Amino acid sequence: MTHSLETILEALQATFPALSLDTRAMLTDETVISVPGDVLTEVVGELIESFDFYHLTTITGLDTGEGLVLLYHFWNIHGLTLYVALPYTEARVPTLTELIPGVAMYEREIHEMLGVDFTGLETSAPFLLPDDWDDTLPLRKQAVESEDEV
Amino acid sequence: MKSDKMIIPIGPQHPLLKEPIAFTLTVEGERVMEAGMRMGYVHRGIERLAQERSYVQTIHLVERVCGICSHVHATTYCQGVEALLGLEIPPRAQYLRALLCELERIHSHLLWLGVLGKNLGLDTIFMYAWRDREIVLDIMEDLSGGRVSHAINVIGGVRSDVDEAHCDEILRQLDLLTEPLARLVGLVEHERTLKARTQNVGHLSLEQIRRYCVVGPVARASGLDVDLRRDMPKAPYTDLSFKVITHTAGDVWARTLVRMQEAVESVRLCREILAQLPDGPISVKAKRRVPPGEVVSRAEAPRGELIYYIRSDGSEKPARLKIRTPTLTTLITLPEQLREVNMADVPAVLSGVDLCIACADR
């Protein structure tokens, strides 16, 4: 059964009253909810339990120049994106592998490309980068700048 | 006799694999006890490269993510950029894009059937599937000039049109495809050797499909009734009628049947698209600079849901381009699918998910 986005947003606000889930319209049918990293697991758990948002399409990680951002793109007839902002100094969120085992691939990729730590995720083996890769984080803005200097 | 565990590496270079990926199988006798996987051998850093290219150059870059479904990548990307620009593309361009998407689906599924046949030692299937695939490749070459890289998309539409004589020729070639496809569906349904090699192999339950967020024919073969062409429709799919093929068996055989029936459905869709092809221009002019914003663009590729996230900072280059290809969702299930299977069934399991490593690695 699918619920309207308004119902989902209202219910999330009601379940997590301490949070101010500010919404903003994104282009092409995607609704975005800002979620603090420390309640991410609870919010995702609620989305799956109550609204059947079991399908996490992917996670986009990006470096805005002011900090890191994780976008969790969910889909269940509607597209719903959770927006998690992280400061460079504390780039850490809990892993979602307990709730959604398929998420490991996306989390490992972001760990390698942007240096975000997913607490509880096994990341000792390289995922996409070569075995002898140095510590450079390819998708960080800093990595682009230091390469330009060379 | 003492039972010994043995570790058998498959890949990164292996005759079974068309692209490099490494599996480490721990076997006990003939049984696979555990499977490890290492990817990244064809990682080309496409997401980073896109940040250094203009929006127009990036079309050609994303076409190189996948050598089989290049058109759907460019289409999904262009859809996203057009949404950021607030552009509505002409209906004729939407139909021509969809026509090529459906042709690509037929080509992808036939190519896959050939690879499955080859890997199972059923070379006759490989020969027939790839012979019939040539018809689709010919149609696509006539349309765009390329067999697999079409470069037909531009931001704002498509770059080449078809006239009436060309439409008739495509319809004639589609007729040539009807009978061979029906025969291949019959072969999958009734051929005893193929069934013996693929039934009850590589099984995934609906519960597993949901937990791993699997998409596409693999998910539909386990009973997940999701197809973005129907469930998140964009023009022209809103005006077209088609069946979403599902099966409940969840094994390699069901995946084969779903793909072949989808190819039949796509031939029908191609005919419908050509019959309804609207008149008018094929593109509109687009600005080089894209206003700041973010967009999520989704489409149903031959292997399932494809997603592009594009972020613009108002310059001529994308600030961030994220691509998630459908193959990645099926790859993660492989260690689980390989556990407890017979060593001789490993080729069937690996082929069953439609491995596209270049897609997954980007």
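Please read all numbers here as calculations on a predicted model, not as lab measurements. Naming convention: chains lettered A, B, ... in sequence-line order (proteins, then strands); numbering from 1 in each chain.
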(message) Tell me which of these, A:T57, A:T58, A:V103, has more heavy-atom pairs under 4.5 Å with chain B than the rest.
(response) A:T57
(message) Counting only non-hydrogen atoms closer than 4.5 Å, does B:L224 touch chain A with its backbone (N, CA, C, O), its side chain (CB onward), both, or neither?
(response) side chain
(message) Using every non-hydrogen atom in the two residues, find where B:I332 and A:A104 come nearest and quote the distance to one decimal.
(response) CD1-CB, 4.2 Å
(message) Which heavy atom of A:Y54 sits nearest to which heavy atom of B:C213, and what is that distance?
(response) O-SG, 3.5 Å
(request) Could you walk me through whether A:Y106 and B:T329 pass the side-chain contact (heavy atoms from CB on, under 4.5 Å) test, one step at a time? (result) CA-CA 10 Å; A:Y106 314 134; B:T329 67; 3.4 Å; yes
(message) I need the residue from B:M37, B:R362, B:R298 with the largest number of non-hydrogen atom pairs under 4.5 Å to chain A.
(response) B:R298
(message) Need one label for A:P126: side chain, backbone, both or neither, based on atoms under 4.5 Å from any heavy atom in chain B.
(response) both
(message) For a 4.5 angstrom cut-off between non-hydrogen side-chain atoms, does A:W75 reach B:D231?
(response) yes
(request) Below 4.5 Å from any heavy atom of chain A, which atoms of B:R210 appear? Answer side chain, backbone, both or neither. (result) both
(message) Please report the interatomic distance OG1(A:T64) to CZ(B:R320), rounded to the nearest 0.5 Å.
(response) 12.0 Å
(message) To the closest 0.5 Å, what do you measure between CG (A:L62) and CZ (B:R311)?
(response) 5.0 Å
(request) Inspect the contact between A:E109 and B:R324 and indicate whether a charged nitrogen and a carboxylate oxygen are less than 4.0 angstrom apart. (result) no
(message) Tell me whether the count of non-hydrogen atoms from other residues, nucleotides or ligands lying under 6.0 Å of CD in B:E316 goes above 12.
(response) yes
(request) Check the surroundings of atom CD in A:E46: do more than 12 heavy atoms from other residues, nucleotides or ligands lie under 6.0 Å from it? (result) yes
(message) Can you tell me which of A:G102, A:P101, A:G61, A:P130 forms the most heavy-atom pairs within a distance under 4.5 Å of chain B?
(response) A:P101
(request) Please say whether more than 12 non-hydrogen atoms of neighbouring residues, nucleotides or ligands are located less than 6.0 Å from CD in A:E66. (result) no
(message) Report which part of B:L228 has an atom under 4.5 Å of a heavy atom belonging to chain A: side chain, backbone, both, or neither.
(response) side chain
(request) Heavy-atom distances under 4.5 Å only: say whether A:L129 touches chain B with side chain, backbone, both or neither. (result) both
(message) Atom CG of residue position A:D135 - does it have more than 12 heavy atoms of other residues, nucleotides or ligands inside 6.0 Å?
(response) no
(message) Heavy-atom cut-off 4.5 Å, strictly under: side chain, backbone, both or neither for B:I307 against chain A?
(response) side chain
(request) Please round to the nearest 0.5 Å and tell me the distance separating atom CE of A:M113 and atom NE2 of B:H43. (result) 3.5 Å
(message) Counting only heavy atoms from other residues, nucleotides and ligands, does the tally under 6.0 Å from CD of A:E42 exceed 12?
(response) yes
(message) Heavy-atom cut-off 4.5 Å, strictly under: side chain, backbone, both or neither for B:V226 against chain A?
(response) side chain
(message) Pair B:E294, A:T81 - check side-chain contact (heavy atoms from CB on, under 4.5 Å), show working.
(response) CA-CA 12 Å; B:E294 293 163 274; A:T81 292; over 6 Å; no
(message) So which atom in A:L139 and which in B:Q51 form the shortest heavy-atom distance, rounded to 0.1 Å?
(response) CD2-NE2, 3.8 Å
(message) Quick check: do B:E305 and A:H55 have side-chain heavy atoms less than 4.5 Å from each other?
(response) yes
(request) Only counting residues at least two apart or in another chain, list the ones meeting side-chain hydrogen bond (donor to acceptor under 3.5 Å, both in side chains) with A:T60. (result) A:H73
(message) Is B:R211 close to chain A through its backbone or its side chain, or both, or neither, when contacts mean heavy atoms under 4.5 Å?
(response) both
